[in-house]
Amino acid sequence: QILEPQDQQNLQKSYTLKDWQGGYESLNQEFDYWIDDIEGEIPPELQGTLFRNGPGLLDINGQKLHHPFDGDGMISRITFTNSRAHFRNRFVTTAGYLAEKKAGKILYRGVFGTQKPGGWLANIFDFKIKHIANTNVIYWGKKLLALWEASEPYLLNPHTLETLGNEYFNGVLSKGEAFSAHPRIDANGTLVNFAITPGLSTTINIFELNTDGEITNKQNHSVAGFCFIHDFVITENYCIFFQNPVSFNPIPFALGISSAAQCIKVQKNQLTKIIIIPRQNPTKKIKILETQAGFIFHHVNAFEVGNEVIIDSICYESLPEVEPNSDYRETDFDANSPGKLWRFNLNLQTNTVENHLIDDRSCEFPTMHPHHVGKSYRYLYAAAAHKSTGNAPLQAIFKLDLELQQRQLWSAAPAGFIGEPIFIPRPNSQTEDDGWLLALVYDAEHHRSDVVILDAVNLEKGEIAKLHLKHHIPYGLHGSFTPE
Ligand code: 3ON
Ligand code: FE
C-alpha cells in the first residue's frame, strides 16, 4: 500500500517517549528567584500571580511511586509585576510528606497504586491512605489553599508558600472531611465546591463560600451506588454531577494487592447518571437523567437555555488500567483511548439527554473565561495533542470558537509538553477572548520548563513571551491566577 504524504505525516509521532518521560522526574529543590531568561516581552498589563499545583516528587528517595497522582503536592508561584516575573516553588508539608522525608522511604499506600515496599504482606489490611495536597491551588478570601479531593485543604502563606496547617472554615469542615479540588466561582462571586464520601451509597456535599472565604451554605445529598466524581459544573440554578459508570470491589485493596483506585472498574456498557441538584431551594427534589458518556474527569462549563441545560465535558471511552506491575512511564499512548470534547443537551421538561462530539482531537485540562462560568460562552481552550486524531501526550493548546466552529492551535511539539492553560482576561477587556493564556511547558531538549504567554485572540501568531525557568517542573495538575 502506498501512503499519501499527509498519511505518512500522520503516522509519524510528534514526540518521543524518552522526551515525554523527562517531565516525570522529581524536583527536589525549592527555588526563589527573578526570572531573567525571557524571550519576547511580558505585557505590562499582566499583573498578578499564577499559582500551580502538581506532584513534585515521583519517587521517595529513589523508590518510585506507582502513579503520578500519588506524588506529593508542590506549589509553584509566578508573580508578574511591571513586566518582570518572579518564581518560587515549595512543597506542601503534609504529615505524610514530612514523615517519608525523614524516613527516606515510602511509608504509606497511595490512592493510585503506590504500595509500601514488601509486597501484599506489607500492605494487607492497611487502610491508611497517604493524604497529599497535589491537585489544585486557589487564592480565595485572602487564603491560599492547596486542594486534594479526598481530604481537607491545606492553608499556605501566599507569599512564602509555607504550609500553615489545615483549613476547616471556622469548624464547618471536620477533621479529614473532603473538599474537592474543583471549585467553581459563579457570576455573583460565590465559590461553589463539593465533596464525595463514597460507599454503597454516596454522600455528595455542596459548599458555598463568600468572598471572605467563609462557608455560608452546606447541603448534603445521598445518591445510590459508589461514586468516583472528580469535577462538577454549576449553572445559575443547579449543581450537576456525572456519576461515572464504575464498579468498586474493595477486596484487592483490603488484601494489600492493589490500591483503592485500582479497584475501580469502568463499566463500558452502563449508563452515566447525571445528578442535577437545585442550588437555591434544597427542598426541591434532585433529578437524575441517564446518558452514554464513558468516563469523565473534567467538565468545561454548563449553562441554561430555557428548559435546557448544556454541558461540555471531556469524555474517555475507557480508563487506562494502572496494573500493579505496569510502569506509567512506559505508557503506550496508541493503546489508550483519548479524552475528547462532547456536548450534552439535557431537556429538563422531557427528561431526555442528547449528546454529540464537538471535536475529535485528544484534549484535557479545559479552561474558559472566568466570568462565563455557569453561563453561555463562546470560547474554550484546552491542552491538546499535536495531531488532530489519535491519542498522544499533551503538546499543544487548542482554542475552539463554539459559535463559528473555528479552531486554532499552538503547538510545542516535538520537544515541548504542556500542562493546563489558564485564561486571564485583559483588564477592561471588551470581548470574551481578549486576554492571555498562561501555561507551563516542559522542554525536553533543555530539561527545563518554560512559562509561555499567548494572546488568546490569536494563538497561531506564536507566544508573546517565553520565560525560561532554571529547572524543570514535573507535569502538574491544576492552578489559578489572582490579580492580587
Ligand atoms: O471516588 C472515591 C472517593 C474518592 C474521593 C474513591 C477514591 C479513592 C477514588 C477517591 C479519591 C480520589 C482522588 C484522591 C483523586 C485524585 C485525583 C488526582 C490527584 C488527579 C486527577 C487528574 C485527572 C486527569 C484527567 C489528569 C490528566 C493528566 C494528563 C492527561 C497529563 O498527564
Ligand atoms: Fe482535575
Side-chain angles (χ1 to χ4, degrees), residues 31-53 75-89 137-139 144 158-159 161 185 365-373 377-384 394-401 406-412 416-443 446 448-471 473 476 478-484:
F31 293 89
D32 178 356
Y33 60 90
W34 286 95
I35 303 169
D36 57 16
D37 190 358
I38 298 175
E39 284 177 60
E41 218 175 298
I42 301 171
E45 296 163 279
L46 175 60
Q47 303 263 1
T49 299
L50 174 70
F51 291 106
R52 301 230 40 103
N53 198 353
I75 310 295
S76 302
R77 64 163 273 176
I78 297 115
T79 300
F80 299 94
T81 161
N82 305 325
S83 293
R84 298 182 69 206
H86 181 270
F87 179 87
R88 171 173 286 152
N89 72 307
V137 53
I138 57 166
Y139 184 68
L144 187 67
H159 302 286
L161 302 181
I185 299 163
F365 299 134
T367 184
M368 30 102 41
H369 193 300
H371 297 167
H372 287 258
V373 171
Y377 72 123
R378 177 166 170 184
Y379 300 105
L380 74 78
Y381 318 88
L394 304 171
Q395 296 189 282
I397 298 183
F398 183 49
K399 175 187 179 184
L400 198 64
D401 178 341
Q406 284 171 356
R407 288 140 170 81
Q408 290 180 10
L409 194 80
W410 175 84
S411 176
F417 298 87
I418 203 149
E420 177 191 64
I422 298 227
F423 176 82
I424 301 158
R426 188 189 305 275
N428 307 314
S429 61
Q430 299 297 314
T431 53
E432 197 190 306
D433 59 350
D434 185 11
W436 305 282
L437 287 166
L438 261 58
L440 289 176
V441 180
Y442 169 67
D443 169 4
H446 300 93
R448 68 175 178 201
S449 294
D450 295 335
V451 182
V452 296
I453 305 171
L454 303 178
D455 180 351
V457 172
N458 184 359
L459 305 194
E460 290 175 356
K461 76 177 185 200
E463 57 273 5
I464 299 174
K466 209 171 179 176
L467 288 56
H468 301 298
L469 301 181
K470 297 181 191 296
H471 47 83
I473 298 180
H478 304 288
S480 56
F481 182 83
T482 170
E484 273 178 63

Tell me whether [X] contacts the main-chain N or O of [Y] through its side chain, where contact means a donor paired with an acceptor under 3.5 Å.
| X | Y | result |
| --- | --- | --- |
| Arg52 | Ala439 | no |
| Gln395 | Ala412 | no |
| Arg77 | Pro158 | yes |
| Gln408 | Leu459 | yes |
| Ser83 | Ile42 | yes |
| Asp455 | Val457 | yes |
| Ser76 | Asn89 | no |
| Ser449 | Leu440 | no |

For side-chain contact (heavy atoms from CB on, under 4.5 Å), just list the numbers for Val452 and Trp410, CA-CA rounded to whole Å, side-chain angles, deciding distance to a tenth of an Å, and then say yes or no.
CA-CA 11 Å; Val452 296; Trp410 175 84; 4.1 Å; yes

Distance from [X] atom [atom1] to [Y] atom [atom2], nearest 0.5 Å?
| X | Y | atom1 | atom2 | result |
| --- | --- | --- | --- | --- |
| Leu438 | Ile422 | CG | CD1 | 8.0 Å |
| Trp34 | Asp32 | CH2 | CG | 10.0 Å |
| Phe398 | Leu409 | CZ | CG | 7.5 Å |
| Ile424 | Leu46 | CD1 | CG | 5.5 Å |
| Ile35 | Lys466 | CD1 | NZ | 14.0 Å |
| Leu144 | Ile75 | CG | CD1 | 6.5 Å |

Glu41 vs Ile453, side-chain contact (heavy atoms from CB on, under 4.5 Å): CA-CA, chis, key distance, verdict:
CA-CA 9 Å; Glu41 218 175 298; Ile453 305 171; over 6 Å; no

Before we go on, tell me: are the rings of Phe423 and His372 under 6.0 Å apart, centre to centre?
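So the answer is no for these two rings.
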
Any chance the side chains of His371 and Glu432 put a donor and an acceptor closer than 3.5 Å?
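Judged by distance alone, the side chains do not pair up.
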
For [X] and [Y], work out which heavy atoms get closest and say how close.
| X | Y | answer |
| --- | --- | --- |
| Ala382 | Pro421 | C-CG, 3.9 Å |
| Trp436 | Pro427 | CH2-CD, 3.8 Å |
| Phe481 | Gly48 | CZ-CA, 3.7 Å |
| Leu467 | Ala85 | CD2-CB, 3.5 Å |
| Gln47 | Thr81 | OE1-CA, 3.3 Å |
| Asn458 | Glu460 | OD1-N, 2.9 Å |

Hey, what's the ring geometry for Phe87 with Tyr33, parallel, tilted or perpendicular (30° and 60° as the breaks)?
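Phe87 vs Tyr33 ring planes: tilted.
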
Taking only residues two or more places apart in sequence, or in another chain, which ones meet His446 in a side-chain hydrogen bond (donor to acceptor under 3.5 Å, both in side chains)?
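Testing His446 for side-chain hydrogen bond (donor to acceptor under 3.5 Å, both in side chains), a comparison that skips the adjacent residues, returns Asp443.
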
Residue among Lys399, Arg378, His369 satisfying side chain to side chain donor-acceptor pair (under 3.5 Å) with Asp433
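Passing option: Lys399.
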
What residues, two or more places apart in sequence or in another chain, satisfy salt bridge (Lys or Arg N to Asp or Glu O under 4.0 Å) together with Glu45?
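For Glu45, the residues satisfying salt bridge (Lys or Arg N to Asp or Glu O under 4.0 Å) (neighbours in sequence not counted) are Arg426.
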
